[in-house]
There are 2 protein chains.
Amino acid sequence: MGKFSSLDAKVAVFKALAHPTRLRIVQDLAEGELCVCVLLESFPIDMSTLSRHLSVLKNAGVVDCEKRGKNVYYRLACPCLTRIFDCLDALDADAKRCACGR
Amino acid sequence: MGKFSSLDAKVAVFKALAHPTRLRIVQDLAEGELCVCVLLESFPIDMSTLSRHLSVLKNAGVVDCEKRGKNVYYRLACPCLTRIFDCLDALDADAKRCACGR
DNA sequence: TCTTTGCTTGCGATTTTAGCCAAATATGCA
DNA sequence: TGCATATTTGGCTAAAATCGCAAGCAAAGA
């Protein structure tokens, strides 16, 4: 049984992505791993709030983290997750790739 | 500008999918359009609740609806949306398709 | 050991979402 | 026109999510 095979696991992934800050975090992490303090520079929010967003993403299986020295580095659990964005972008960018022709 | 190009539009899509009932509705509609009364048979919830879930999906641009006679028929706004599920399923079913090798 | 830095967690206040019931609306049929 | 059916909307309450502040904790360095 895969990580995202159950309905609830999928719901958790979508719920994790269903917040502007978390979605931007995921987009940032698509470029490569980042530590919390670096992420914090991109977001005008309290570090505790950022930390909670990261834990939502982690619990959903969207990201992993690793502590190295004083810092905690977050990365996408699977880079393939960005394909989800590709799906949406494809609908915008290239109607021909969309089977329904819209 | 496509329908899902902005961050907020993407968030709305994920938010719409971030509920077990709505996710199952989308899965059901992937097979083809259905009217509210038929959908209702699949879910042990109040019709008013179902109607609200459908309006969340509609406002996010995930589904469209059309009234024909006494019934309202819902369908996926774009069948391609099911590619989002394919993305997740691919991670479970076929590790080779996943660039990160997990 | 003591202090600083980086991050997480407990908590309370506020906002958002979900659910049901009841009322409103719209269509079709008698 | 009047009634039944199908769906949506208003109003309410309960539950969940969000946020910042303050406190806790672990690793690093003085």
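Residue numbers start from 1 in every chain, and the chains themselves are labelled A, B, ... in the order their sequence lines are given, proteins ahead of strands.
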query = Just to confirm, is there a sub-4.0 Å distance from OP1 or OP2 of D:dC19 to any side-chain nitrogen or oxygen of A:His19?
reply = yes
task = Could you check whether B:Lys58 gets within reach of a base, just the sugar-phosphate, or nothing at all, counting any heavy atom under 4.0 Å?
result = nothing
message = Here's a test of your reading of the structure: between A:Pro44 and A:Gly69, which maps to the more 5' nucleotide of DNA chain D?
response = A:Pro44
query = Hey, does the side chain of B:Tyr74 come within less than 4.0 Å of D:dT8's phosphate (OP1/OP2), counting only N and O?
reply = yes
query = Side-chain N or O of A:Asn71 less than 4.0 angstrom from OP1 or OP2 on C:dT5?
reply = no
task = Indicate, yes or no, whether a donor-acceptor pair under 3.5 Å links the base of C:dG10 to the side chain of A:Arg52.
result = yes
ask   = Which is true for B:Tyr73 with a 4.0 Å heavy-atom rule: it touches a base, it touches only sugar-phosphate, or it touches nothing?
value = nothing
query = So, does the side chain of A:Ser48 form a donor-acceptor pair with the base of C:dC7 at under 3.5 Å?
reply = no
task = Please answer whether the main-chain N or O of A:Arg52 pairs with a side-chain N or O of A:Ser55 as donor and acceptor at a distance below 3.5 Å.
result = yes
message = Using whole Å, what does the distance between atom P of nucleotide C:dG19 and atom CD1 of B:Ile45 come to?
response = 7 Å
task = Let me know, please, whether A:Thr21 or A:Lys67 comes out on the 5' side of the other along DNA chain D by nearest nucleotide.
result = A:Thr21
request  = Grab the CD-P distance between B:Glu41 and D:dT7 for me, whole Å please.
outcome  = 10 Å
ask   = Over how many whole Å does the gap from B:Asn59 atom CG to D:dT8 atom P extend?
value = 12 Å
message = As an exercise, state the distance from CG of B:Leu50 to CD of B:Glu41, rounded to the nearest 0.5 Å.
response = 11.0 Å
task = Verify the cluster assignment for A:Tyr73 and A:Val26: are they in a single hydrophobic cluster under the rule of side-chain heavy atoms below 4.5 Å apart?
result = no
message = Rounded to whole Å, how long is the line connecting atom CD1 of A:Ile25 with atom P of D:dT18?
response = 11 Å
query = What is the distance from CD of A:Glu66 to P of C:dG6, rounded to the nearest Å?
reply = 18 Å
task = Among the candidates C:dT8, D:dT18, D:dC21, find the nucleotide nearest to the side-chain atoms of A:Asp46.
result = D:dC21
message = Quick check against the 3.5 Å criterion: does A:Arg22 have a side-chain atom that pairs as donor or acceptor with the backbone of A:His53?
response = no
inquiry  = Would the distance check show the side chain of B:Lys67 and the main-chain N or O of B:Val72 forming a donor-acceptor pair, the cut-off being under 3.5 Å?
reply    = no
Interatomic distance, B:Lys15 NZ vs C:dA18 P [rounded to whole Å] = 9 Å
query = So does B:His53 get a side-chain nitrogen or oxygen closer than 4.0 Å to the phosphate oxygens (OP1/OP2) of C:dG19?
reply = yes
key: Options D:dT7, C:dC20, C:dT5, nucleotide nearest the side-chain atoms of A:Lys70   = C:dT5
query = Heavy atoms under 4.0 Å, any strand shown: does A:Arg68 hit a base, just sugar-phosphate, or nothing?
reply = nothing
request  = Using modelled atom types only, decide if a donor and an acceptor are shared between the side chain of B:Lys15 and the backbone of A:His19 within a distance under 3.5 Å.
outcome  = no
ask   = Counting only side-chain N and O atoms of A:Thr49, is one of them less than 4.0 Å from OP1 or OP2 of D:dC19?
value = no
request  = Starting from C1' on C:dC7, measure out to CZ on A:Phe43 and report it in whole angstrom.
outcome  = 17 Å
request  = Please report, rounded to the nearest Å, how far the C1' atom of C:dT8 is from the CG atom of A:Leu50.
outcome  = 11 Å
